[in-house]
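Worksheet: the structure to be examined is printed underneath.
Labels below follow one simple rule: chain letters A, B, ... track the order of the sequence lines, proteins then strands, and each chain is numbered from 1.
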Amino acid sequence: MLDIKYLRENLAEAEKRLASRGGAIDLSRFKLLDEKRRELLKEAEALKEKRNSVSLEIGKLKKSVSGSMEGKEAGEMLAEMQGVSARIKSLDELIAGAEKELNDFLLFIPNTPHASVPTGNDANDNVPVRLWGEPAKFSYPPLEHTELGGALGIIDTERAGKLSGARFSLLKGAGARLERALISFMLDLHTAKHGYTEVLPPFMVKAEMLVGTGQLPKFEEDLFKIEGWPSYLIPTAEVPVTNIHRDEILEEDALPVCYAAYTPCFRKEAGSYGKDVKGLIRQHQFNKVELVKFSTPEKSYDELEKLTSDAEEVLKQLNLPYRVMALCTGDMGFSSAKTYDIEVWLPGQGKYREISSCSNFEDFQARRAGIRYRPKGGKPKFVHTLNGSGLAVGRTLVAILENFQQEDGSVIVPDILRPYMGGMERIKRG
RNA sequence: GGAGAGGUGGCCGAGCGGUCGAAGGCAGCUGCCUGCUAAGCAGUUGUAGGGGUAACACUCUACCGGGGGUUCGAAUCCCCCCCUCUCCGCCA
């Protein structure tokens, strides 16, 4: 959510910045609602002040046991105050309505992009930031992970469909082990080398948490709601982990707070029919190790660079070629002020595919979720929140299969993972 | 699922219709004092939203788990809900 005071004073600028995301947003309604609310507030507060002072008088008069004069006077005041109270009550209702209207409006307004974000319409306008690694040369047309995984007997798409339908997967044997190895490896790397604290959050959350991070109210159709229960399955660990500090005031010295969390993620993928229908790329359920940070506003962009490089380190250690893209204004997510995507090279598809998305949300989520910190000796301020995949586990598994495939259909296990695979060096058929 | 207890400021803990944003203690901050990390004395210390200011100051309103109600007036009375704790039962 955007800062109301910022909007009051910079409405035109805010509109311009939001327009760069594509699709102009008319903020004139904000002005209307905000002014209406403040007018009602003024009237109600003036009446409350009166009620408070007169009530005090009445109390005093009643106590001063003296004559009936006071008693009479008090009686008149009483009658007047009944009217005042009734008016306050109806004003309070109007105010609550106005506040809800204003809030509902603001909850649908996306974040304003940071000045360093390239302007553009869609993914084609994203800007390459750096490239790492050299795609391997193959003496034959490299296979896609679906073929490799099927032939090796480690990915069973048919039975996954039998169990759960399209966009689910069933891993077996070395495939299942590899997925588990990747989760452990990533968590170990981020906790031991990058200083994150491991957390294992609930996989179901209340609706308010999703409002906090920005998935609700606008993107309800992407989420799995649990029928007969007031919770949703999490679409990413970002939701429970960011909300860990909801309605808290953190000490400045404690920042940045850095968490790494493994969770499954559940997404309806509404509107992606026909995209990536084969294989593990786009699933209703997938595993991810997520990195989440809480930072001071001053340091949040440095923290974004660090977080991104922490995620890149996973690919480096696995020796998987990748590139980093700065998302343009038109391609960024709703809550983000700036996002880098990390894209891993997939030889089977012959292209780079997103494997991580690292964002700084500035105070957008913090304001929604009430996450603040106390600057030394000052008033509480909203923190900046950041997060990024470190990494999407299923897609990493895909990248390993495709990049390290051999002509005989086997797959070499990256060195760093072998301890997690019971020493296995190569995934072979059978 | 059954039986009890309780939710008050950073923490502990009083208050049980008006003078309560809320005693007291702890912690924190600021002075003073004492030559030595301690103790003592005095003062101070919540959050949000209006108004106001160049910015302070100042001022008003709200907040005692959440939501309703009674009342001129509620932390205090009534109703509903949520949460926590203890005991019993059941269970991964």
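Note that CG of A/Asp188 and NZ of A/Lys193 are 9.5 Å apart. Values are rounded to the nearest 0.5 Å.
If you take atom P in B/G4 and the same atom in B/A92, they sit 28 Å apart, rounded to whole Å. Comparing B/G46 with B/U8, their C1' atoms are spaced 13 Å from each other, to the whole Å. Of the P atoms belonging to B/C91 and B/G15, the separation is 44 Å, rounded to the nearest Å. The gap from the P atom of B/U61 to that of B/C83 amounts to 35 Å, rounded to the nearest Å. Here the separation of B/G73 from B/G17, taken at their C1' atoms, is 8 Å to the nearest Å. Spacing between B/G18 and B/G7 at atom C1', rounded to whole Å, works out to 25 Å. When the C1' atom is compared between B/A42 and B/U47, the two are found 28 Å apart, to the nearest whole Å. Rounded to the nearest Å, the gap between the P atom of B/C20 and that of B/G35 is 42 Å.
Rounded to a whole Å, the CD atom of A/Glu208 is 12 Å from the P atom of B/C83. Whole-Å rounding puts the A/Leu47 CG to B/G73 C1' distance at 15 Å. Whole-Å rounding puts the A/Glu39 CD to B/G50 P distance at 14 Å. Between the P atom of B/C72 and the CZ atom of A/Arg51 lies a distance of 11 Å, rounded to the nearest Å. Distance, A/Asp92 CG to B/G50 C1': 14 Å, rounded to whole Å. Atom CD1 of A/Ile58 and atom P of B/U19 are 13 Å apart (whole Å). Rounded to an integer number of Å, the gap from NZ of A/Lys36 to P of B/G50 is 16 Å. Nucleotide B/G18 holds its P atom 12 Å from the CG atom of A/Leu56, rounded to whole Å.
Checking B/C64 for Watson-Crick or G-U wobble geometry (two distances, each under 3.5 Å) identifies no partner in any strand. Within the shown strands, nothing qualifies as a pairing partner of B/C20 under the Watson-Crick or G-U definition with both distances less than 3.5 Å. Nucleotide B/C91 forms no Watson-Crick or G-U wobble pair with any nucleotide shown, as no partner meets the under 3.5 Å limit on both distances. With a 3.5 Å ceiling on both atom-pair distances, the Watson-Crick or G-U wobble partner of B/G28 is B/U44. The partner of B/U71 cannot be assigned: no Watson-Crick or G-U wobble pair with both contacts below 3.5 Å exists in any strand. Across every strand in view, B/A14 sits unpaired, with no contact that passes the Watson-Crick or G-U test at under 3.5 angstrom. In a base pair of the Watson-Crick type (N1 to N3 plus N6-O4 or O6-N4) or a G-U wobble (N1-O2 and O6-N3), with each distance short of 3.5 Å, B/C58 is matched with B/G51. Base pairing analysis places B/G6 opposite B/C83; the two distances defining the Watson-Crick or G-U wobble pair are each below 3.5 Å.
Each of A/Ala44 and A/Gln82 was assigned the nucleotide of RNA chain B with the nearest heavy atom; the assignment lying further toward the 5' end belongs to A/Ala44. Residues A/Arg372 and A/Met81 each lie close to RNA chain B; by heavy-atom proximity, the contact nearer the 5' end of the strand is made by A/Arg372.
With no hydrogens or angles considered, no side-chain donor-acceptor pair links A/Thr146 and A/Glu144 at under 3.5 Å. Side chain to side chain, A/Tyr259 and A/Glu290 fail the donor-acceptor criterion of an N or O pair below 3.5 Å. Judged by distance alone, the side chains of A/Ser335 and A/Asn111 never bring a donor and an acceptor atom under 3.5 Å apart.
Ring pair A/Phe364/A/Phe334: centre-to-centre distance below 6.0 Å.
Counted within 6.0 Å of CD on A/Glu158, heavy atoms from surrounding residues, nucleotides or ligands total 12 or fewer; the atom is thus considered open. Taking a 6.0 Å sphere around NZ of A/Lys268, one finds it holds more than 12 heavy atoms contributed by other residues, nucleotides or ligands.
Using a 4.0 Å cut-off, no side-chain N or O of A/Arg374 falls inside it from OP1 or OP2 of B/G10. In this model, the phosphate group of B/G50 is approached by a side-chain N or O of A/Arg37 to a distance below 4.0 Å at OP1 or OP2. For A/Arg38 and B/G51, the shortest distance from a side-chain N or O to OP1 or OP2 is below 4.0 Å. Contact between the side-chain N/O atoms of A/Arg8 and the OP1/OP2 oxygens of B/G50 is found at a separation under 4.0 Å. Note on A/Asn52: every side-chain N or O is 4.0 Å or more away from OP1 and OP2 of B/C72. For B/U71, the OP1/OP2 oxygens have no side-chain nitrogen or oxygen of A/Ser85 closer than 4.0 Å. OP1 and OP2 of B/G46 both lie 4.0 Å or more from every side-chain N or O belonging to A/Lys379.
Heavy atoms of A/Lys89 sit under 4.0 angstrom from primed sugar atoms or phosphate atoms, though from no base atom.
Distance from the side chain of A/Ser55 is smallest for B/C72 among the nucleotides B/C72, B/U61, B/G51.
Side-chain atoms of A/Glu45 stay outside donor-acceptor range of the base of B/G51, with no qualifying N/O pair under 3.5 Å.
A/His194 and A/Tyr196 have perpendicular rings, their planes meeting at more than 60° on a 0 to 90° scale where under 30° would count as parallel.
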